[in-house]
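In what follows, a single structure is set out as structure tokens and then discussed.
Atom set for the values below is all heavy atoms of this structure, side chains included, hydrogens, waters and symmetry mates excluded. One-based numbering, in listed order, for ligands and for the atoms of each.
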Amino acid sequence: MLRSCAPRLRTLGALRGLTGGARPAVGDAGPALRLFSSEKFIDKDRSLPNPSWSKEIRLLFDQFMKKCEDGSWKRVPSYRYISPQDSKPTKEEGQMSRARIFSRSYDDGLGFEFVMFHNDVEKRTVCFFQGGPHLQGPSGLLHGGALATMIDVTGGVTAVMTGEFVMTANLNINFKRPIPLGSVIVINSQIDKVEGRKFFVSCDVQSVDEKTLYSNATGLFISLDPEKK
Ligand SMILES: CCCCCCCCCC(=O)SCCNC(=O)CCNC(=O)[C@H](O)C(C)(C)COP(=O)(O)OP(=O)(O)OC[C@H]1O[C@@H](n2cnc3c(N)ncnc32)[C@H](O)[C@@H]1OP(=O)(O)O
């Protein structure tokens, strides 16, 4: 039951690319590993707990994994690298051969630690995010660009999970309260409206206890015109 989302994910080059090549079953909490066809290296699903995760984010992860059991929620896998078959047809050389997905580019605990869960019926995504020390902006606080990245990715996933390959056309973010570096925050994203190829998404960013609204945002994601793809 938890695997019901996997076929759709496999059809989405976009999701594979932006998550780095989703192959495993969604909702499977096992240590999913991915061996690239070139067999040069193994990529692992980075939305699973690692030793840098605080108790707080682990607890949230466990709570939502339970919600996945009846199929209403699905964990969204996430990778560091785009798999070779989803990469550009040109041969990548030099620096570009080491390209990483930005939101998964840091080593464990230093940058973006997050896991997302998606609810298909409600067309919404919840992201639990713990920003590491390399995401500092003002002293002791999370950089606004790091938060913008997470809002972009969470909103993008919400749109992509409808089955379309989207790109971000517009993001509008209100930064309302500073976020302590290393704290766990909750990003809720939902689709407000779909007009043709346009997906209008809204997000709010809160503390785990929901007492602090750190930020809210709206985004426009556009699925690629088949003629222009
Ligand atoms: C993990 C799984 C994946 C999810 C994570 C994703 C997170 C990361 C996402 C990214 O980082 S994507 C990279 C950053 N974004 C870009 O680089 C996008 C650059 N822009 C483009 O490539 C094109 O502008 C775009 C594909 C977004 C739209 O080009 P199109 O040629 O398909 O759009 P077109 O000009 O035909 O306009 C289609 C409609 O959208 C409207 N539109 C386009 N851009 C707009 C805009 N910026 N603001 C408001 N409306 C806009 C446009 O007016 C029109 O409205 P109508 O249909 O009502 O006439």
Query raised in the report: Is there at least one pair of N or O atoms, one from Lys198 and one from ligand 1, spaced under 3.5 Å apart?
Result: yes

Query - Full working for side-chain contact (heavy atoms from CB on, under 4.5 Å) between Lys176 and Ser215 - result: CA-CA 5 Å; Lys176 290 175 167 291; Ser215 180; 5.7 Å; no

Query raised in the report: Just distances here: any N/O of Lys228 and N/O of ligand 1 closer than 3.5 Å?
Result: yes

Report task. Out of Asp152, Thr158, Val166, indicate the one that has the non-hydrogen atom closest to atom 8 (C) of ligand 1. Result -> Asp152

Requested in this report: Taking atom types as modelled, find out whether Thr158 and Arg124 have a side-chain donor-acceptor pair closer than 3.5 angstrom.
Outcome: no

Query - Pair Gln130, Ser54: side-chain N/O donor-acceptor within cut-off below 3.5 Å - result: yes

**Report entry** Atom indices of ligand 1, in the order listed, that fall short of 4.0 Å to a heavy atom of Leu224
**Finding:** 26 (C)

Query raised in the report: Is the ring centre of Phe175 less than 6.0 Å from the ring centre of Tyr214?
Result: no

Query raised in the report: Heavy-atom contacts under 4.0 Å between Val76 and ligand 1: side chain, backbone, both, or neither?
Result: neither

Query raised in the report: For the rings on Phe200 and Phe221, is their centre-to-centre separation under 6.0 Å?
Result: no

Requested in this report: Please work out whether the ring planes of Phe64 and Phe117 are parallel, tilted or perpendicular, with thresholds of 30° and 60°.
Outcome: tilted

Query raised in the report: Would you say the side-chain atoms of Ser52 and Asp108 include a donor-acceptor pair closer than 3.5 Å?
Result: no

Requested in this report: Check each heavy atom of Arg197 against ligand 1 and say whether those closer than 4.0 Å belong to the side chain, the backbone, both or neither.
Outcome: side chain

Requested in this report: Check each heavy atom of Thr168 against ligand 1 and say whether those closer than 4.0 Å belong to the side chain, the backbone, both or neither.
Outcome: both

Query raised in the report: Taking both backbone and side-chain atoms of Val157, is any N or O found less than 3.5 Å from an N or O belonging to ligand 1?
Result: no

Requested in this report: Nearest heavy atom to atom 49 (C) of ligand 1 wins, so pick from Leu220, Thr149, Thr154.
Outcome: Leu220

Report task. Considering the heavy atoms of Gly156, write down every atom of ligand 1 situated less than 4.0 Å from one of them. Result -> 4 (C), 5 (C), 6 (C)

